[in-house]
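To start, the structure under review is shown below, and the notes come after it.
Reckoned from all heavy atoms, side chains included, excluding hydrogens, waters and symmetry mates. Residue numbers start from 1 in every chain, and the chains themselves are labelled A, B, ... in the order their sequence lines are given, proteins ahead of strands.
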Amino acid sequence: MSTTATAVGVSSKRGIWGGGNEPLKASYGKLMMWFFLLSDIFTFAAFLTAYAAIRVSYPGYAGPEDVFVGSNEYWPVPEMVFDAIPFFHGVHIPLAFVGLMTFILIMSSVTMVLAVEAGHRNDRPDVVKWLLWTLLGGITFLSCQAWEWSHFIHGTDGGSLMTYVNNLGQIVSETVYGANLAVNEYGPAAFAQLFFFITGFHGFHVTIGVFLLFLAFYQAAVGVYERRGHYEMVEKIGLYWHFVDLVWVFVFTFFYLI
Amino acid sequence: MATNENKSSLEVIPRNEEKIKKIWKTAGILLVLTSIEFLFAFTLPRGLLLYAIFIGLTIWKAKYIMMEFMHLGEEAKPLFYSIIVPLIFLVWLVIALMREGSDIFMIRW
């Protein structure tokens with residue numbers, strides 16, 4: 001929240017961009033957070049567009065979905081790859097787990113916006129309460145992602161028969177389980193590479209967000225913001241946290257739906 | 001230690017229930033749009049039409065997150081445009097890379 005700048009001794013002829021006032025009506029910190037987020041939008045957009053470009057350079061899997069087998073000749077169907085859920089080993093439950101993750105992240109974004117709203121009202125107990133919920137949501141999401149990665153890396157019981165060039169330069173045909181950067185049982189090598197890079201980069205952002213949320217939670221709880229006189233830090237961290245949610249909405253569409 | 005001097009007596013403003021209701025309403029919209037995406041993922045045949053619907057719904061959700069949760073709509077107009085207008089470059093990026101990808105497809109297969 002910026003104070004309205006009534007510039008002393010500045011002629012009104014100077015105009016809004018002539019200095020001595022705040023043309024964008026936002027504090028330095030908030031502006032810089034917005035411009036950082038803009039640059040981050042470009043980073044993620046470049047990742048996702050690269051995913052789309054590599055995806056259209058492969059034929060998609062065209063056969064019936066219930067007999068899908070992984071091959072590096074065609075791009076896999078996401079429902080057939082992301083169909084696992086904890087405690088239901090080997091059961092085909094497509095997209096349910098990632099749906100849960102999406103739900104958790106959207107809900108944590110809602111609790112964050114409630115924390116920001118409470119900050120506008122200088123309501124310390126409410127800020128602390130909602131930040132704690134947001135923190136819990138973030139940690140739960142990260143735990144889910146850790147499980148998702150672990151499952152993706154270790155693979156299914158059956159694996160897939162793949163013919164590929166190994167790291168010694170030899171062409172080999174063998175049953176591949178799970179995924180690494182060189183080969184994976186789901187599709188072309190680029191499929192797992194992009195999965196690791198894009199969801200990994202997003203998860204890294206969530207991790208930083210969880211640290212920032214903890215900082216805000218702690219400082220709000222001990223009264224740092226109350227002594228400072230405003231809760232703008234909650235608002236800035238809120239912007240970052242909503243951005244993380246925004247990126248997930250796109251990752252979800254490109255990776256798990258299309 | 002917080003002394004009387006630097007302990008600000010911030011006045012707590014009571015909750016504006018209407019504002020809070022609007023936040024939950026936006027959350028509801030986001031969850032409904034996501035549910036629609038799920039429904040379509042299992043019912044509609046895969047193809048360009050379905051992908052276009054998915055991308056449309058995603059941008060719609062992004063609009064809600066940016067305008068309602070990040071309050072971009074309430075910022076000063078120059079700030080709003082300095083965030084939105086640079087995104088035009090992404091249109092070029094998408095067109096160029098999709099063209100590139102389909103050309104690679106033609107050569108490879």
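Most heavy-atom pairs under 4.5 Å with chain B, from the set A/Val77, A/Asp126, A/Leu48, A/Asp245: that is A/Asp126. Chain B forms the most heavy-atom pairs under 4.5 Å with one residue out of A/Leu37, A/Ile54, A/Val249, A/Leu31, and that residue is A/Val249. Interface check for chain A: of the options B/Ile65, B/Ile20, B/Leu50, B/Ile13, the most heavy-atom pairs under 4.5 Å are formed by B/Ile13. Among A/Ala53, A/Pro59, A/Pro23, the residue making the largest number of heavy-atom pairs under 4.5 Å with chain B is A/Pro59. Between chain B and the options A/Met112, A/Arg124, A/Arg55, A/Glu79, the largest number of non-hydrogen pairs under 4.5 Å is found for A/Glu79. The residue among B/Leu57, B/Leu79, B/Ile104 with the most heavy atom pairs within less than 4.5 Å of chain A is B/Leu79. Residue with the most contacts toward chain B among A/Asp123, A/Thr102, A/Val56, A/Leu38: A/Val56 (heavy-atom pairs, distance under 4.5 Å). Per-residue counts of heavy-atom pairs under 4.5 Å with chain A were compared for B/Ala96, B/Ser102, B/Ala27, B/Pro86; the largest is that of B/Pro86.
Within 6.0 Å of the CZ atom in A/Phe42, the count of heavy atoms belonging to other residues, nucleotides or ligands exceeds 12. Under a cut-off of 6.0 angstrom, the local environment of CZ in B/Phe42 is crowded, with over 12 non-hydrogen atoms contributed by other residues, nucleotides or ligands. The number of heavy-atom neighbours closer than 6.0 Å to CZ of A/Phe36, taken from other residues, nucleotides and ligands shown, is above 12. Shown here is B/Trp92, whose CH2 atom has no more than 12 heavy atoms of other residues, nucleotides or ligands within 6.0 Å.
Applying the ring pair (Phe, Tyr, Trp, His ring centres under 6.0 Å) test to every pair with at least one member in residues 47-66 of chain A, sequence neighbours left out, gives these pairs: A/Phe47-A/Phe201, A/Tyr51-A/Trp75, A/Tyr51-A/Phe255, A/Tyr58-A/Trp75, A/Tyr61-A/Phe68, A/Tyr61-A/Tyr74. Residue pairs meeting the side-chain hydrogen bond (donor to acceptor under 3.5 Å, both in side chains) criterion with at least one partner in residues 77-89 of chain B, sequence neighbours excluded, are absent.
To the nearest 0.5 Å, the span separating CE on B/Met106 from OG on A/Ser57 amounts to 13.0 Å. Considering OG1 of A/Thr49 and CG of B/Leu97, their distance stands at 6.0 Å, rounded to 0.5 Å. The structure places CD1 of A/Ile41 at 4.5 Å from CE of B/Met66, a figure rounded to the nearest 0.5 Å. To the nearest 0.5 Å, atom CE of residue A/Met107 and atom CG of residue B/Leu30 are 10.0 Å apart. Taken to the nearest 0.5 Å, the CD1 atom of B/Ile29 stands 12.0 Å off from the CD1 atom of A/Ile106. For the atom pair CE (B/Met70) and CZ (A/Phe243), the distance works out to 7.5 Å, reported to the nearest 0.5 Å.
Proximity to chain A is absent for every atom of B/Arg99, based on heavy atoms less than 4.5 angstrom apart. Heavy-atom distances place no part of B/Tyr64 under 4.5 Å from chain A, backbone and side chain included. With a threshold of 4.5 angstrom between heavy atoms, B/Glu75 approaches chain A through side-chain atoms but not through N, CA, C or O. Both the backbone and the side chain of B/Ile83 come within contact range of chain A, judged by heavy atoms closer than 4.5 Å. Only the side chain of A/Trp17 comes within less than 4.5 Å of a heavy atom in chain B; its backbone stays farther off.
The contact list for residues 31-40 of chain B toward chain A, using heavy atoms and a distance under 4.5 Å, reads B/Leu31, B/Thr34, B/Glu37, B/Phe38 by residue number.
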Checklist entry - Between B/Lys22 and A/Glu117, does a salt bridge (charged side-chain N to carboxylate O under 4.0 Å, His left out) hold up when you go through it step by step? => result CA-CA 12 Å; B/Lys22 200 179 165 202; A/Glu117 192 272 339; over 6 Å; no
Item to check | Pair A/Val116-B/Phe69, side-chain contact (heavy atoms from CB on, under 4.5 Å): steps then yes or no | outcome: CA-CA 9 Å; A/Val116 172; B/Phe69 285 178; over 6 Å; no
Next on the checklist: Using side-chain contact (heavy atoms from CB on, under 4.5 Å), reason through A/Leu239 and B/His71 one step at a time and then give a plain yes or no.
Outcome noted: CA-CA 9 Å; A/Leu239 282 178; B/His71 305 297; over 6 Å; no
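With sequence neighbours left out, B/Tyr51 forms a ring-ring contact (aromatic ring centres under 6.0 Å, His included) with no residue at all.
Here the closest heavy-atom approach between residue A/Arg121 and residue B/Pro14 is recorded as CD-O, 3.4 Å.
With a 4.5 Å cut-off on side-chain heavy atoms, B/Ile55 and A/Ile258 count as touching. Annotation: side chain of B/Leu10 is not in contact with side chain of A/Tyr225 (no heavy-atom distance under 4.5 Å).
In terms of modelled atom types and a separation under 3.5 Å, the side chain of A/Asn122 and the main chain of B/Glu11 share a donor-acceptor contact.
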